[in-house]
Peer 1: 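Okay, handing you the structure first.
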Amino acid sequence: METLPLHPSIFNLIIYVICPAVAILQWIIIAPLAREKKVWDSLEGAEVAKGVKHKLPFLKDGFFILWNIFPLFLLGIYIYMGVNWFNWQGDLLLLNDSLLPDIYYRIYAFRFNTFVVSAIVLFSLYSALWQKTKQGKFIANVKNNVDDTFVYWWDIRISKPIFYIRMFALFFNMFTVLYILLTTATLFYFIYKIVNISHLNLTFFHPDNAGGLNVIGNLSIVLSSVFLFTSGLGLAAIFDHKSKQGLTHTFSDTAALMFIVPALFILIYPAIINKERLINEFSPLMVVAGKTVCYDIPAEYKGILGKNPPQKDSIISDDASKELGGWLKENAPRFSIMRQILQINYFPINWSMFISLVTTWLAPLFIWIFFKVYASRNEKKE
């Protein structure tokens, strides 16, 4: 059978080992360091923060915490895709094994084009190294007595280890985010191309009760969750940054928020197209099944009961019971087929997962609010 690899084998090490290890180790190393350097919940003891208007200790930097949860969420989604990919690709190839592989491999070649991968690496490197420039601006603002300046808990003048560990982790986290967002976008395009193939092999007896199209619904939900969480991150960033950190931040925050548009499109468009396809394919069977279940089957068992009326004080006669037993046994395959026809899911999407996506969108904002409330309570206690 043809295979549709999710990524080259070398990416197993990068995505399943290195990126998660860096994302988790950053927390394990930085949290104790923040406590040791006394920047956990206050910067009052930091010499460089004296006289500075905006001081952000670790627990008040809600967006930093949220941003560093983001790669872990994306990696969790990607690992879930990796675990299920073998089954999903099998279901996809059953739909069309002639056109579908060619579409996939064109997208695959783009994703792992040398230029594209290099661009992701270079942008991730730029994002990490830009922290030095950002730090330099903060130092210059303090020297020049600029009123609206910041001193963060990760300031290089407070702790060089924290600064460089954060910068190192930022490279891998940015790589994770960009790679998984690109993967999500290209796989969405793949789904879009699939649902627009004129002929798909819908399997009536497929166990998903959707002719084999449930795989597209599952993929749509997984992909949309990536875009929805990104949009939620943008929403939290807009509240956090309040357009005070420059045009670049404002643009990136707004762009992240707008990911809600492709997220909704991924969910709704394939489901609508697949619903029409299933109705066209299976509605004649539904008509026949409805007639059989509502008229033919009742007529048959009523006929058996009518031929063998019950005796006094009996619900059903022995002859009728015996004949009904034989009739049920003989018609068991027929009833099973009727049940399968009537259980076809014409809107092949998991509604419980669909509804839970609202939480995915709002989760970043809830996390940000939690840390803001926690920080403000600590301030009141002080």
Peer 1: Is it true that the side chains of Lys132 and Tyr164 contain a donor and an acceptor less than 3.5 Å apart?
Peer 2: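 There is such a pair between these side chains.
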Peer 1: Could you tell me whether a side-chain N or O of Ser231 sits under 3.5 Å from a main-chain N or O of Phe259, the two making a donor and an acceptor?
Peer 2: no
Peer 1: With side-chain hydrogen bond (donor to acceptor under 3.5 Å, both in side chains) as the test, would you mind laying out the steps for Asn96 and Asn201 before giving the verdict?
Peer 2: CA-CA 6 Å; Asn96 189 302; Asn201 303 315; 6.0 Å; no
Peer 1: Do Gln26 and Arg166 have side-chain N/O donor and acceptor atoms under 3.5 Å apart?
Peer 2: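 Short answer, no.
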Peer 1: Can you tell me how far apart CG (Asn196) and CD1 (Ile191) are? Round to the nearest 0.5 Å.
Peer 2: 12.0 Å
Peer 1: More than 12 heavy atoms of other residues, nucleotides or ligands under 6.0 Å from OH of Tyr192: yes or no?
Peer 2: no
Peer 1: Would the distance check show the side chain of Thr3 and the main-chain N or O of Pro5 forming a donor-acceptor pair, the cut-off being under 3.5 Å?
Peer 2: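 A pair under 3.5 Å: no.
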Peer 1: Are Val195 and Leu93 joined in one hydrophobic group, where the rule is that I, L, V, M, F, W and Y side chains link up if heavy atoms are under 4.5 Å apart?
Peer 2: yes
Peer 1: Using distance alone, with no hydrogens and no angle criterion, decide if Tyr179 and Tyr78 have a side-chain donor and acceptor under 3.5 Å apart.
Peer 2: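 Side chains of Tyr179 and Tyr78: pair found under 3.5 Å.
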Peer 1: Just checking, any donor-acceptor pair under 3.5 angstrom between side chains of Tyr269 and Asn274?
Peer 2: no
Peer 1: Give the cluster check for Trp85 versus Leu13: same hydrophobic cluster or not, with ILVMFWY residues linked at side-chain heavy-atom distances below 4.5 Å.
Peer 2: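 Yes, Trp85 and Leu13 fall within the same hydrophobic cluster.
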Peer 1: To the nearest 0.5 Å, how far apart are CG in Leu4 and OH in Tyr108?
Peer 2: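 So the gap between those two atoms works out to 10.5 Å.
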Peer 1: Given side-chain hydrogen bond (donor to acceptor under 3.5 Å, both in side chains), test Asn218 with Ser220 step by step and report yes or no.
Peer 2: CA-CA 5 Å; Asn218 289 336; Ser220 296; over 6 Å; no
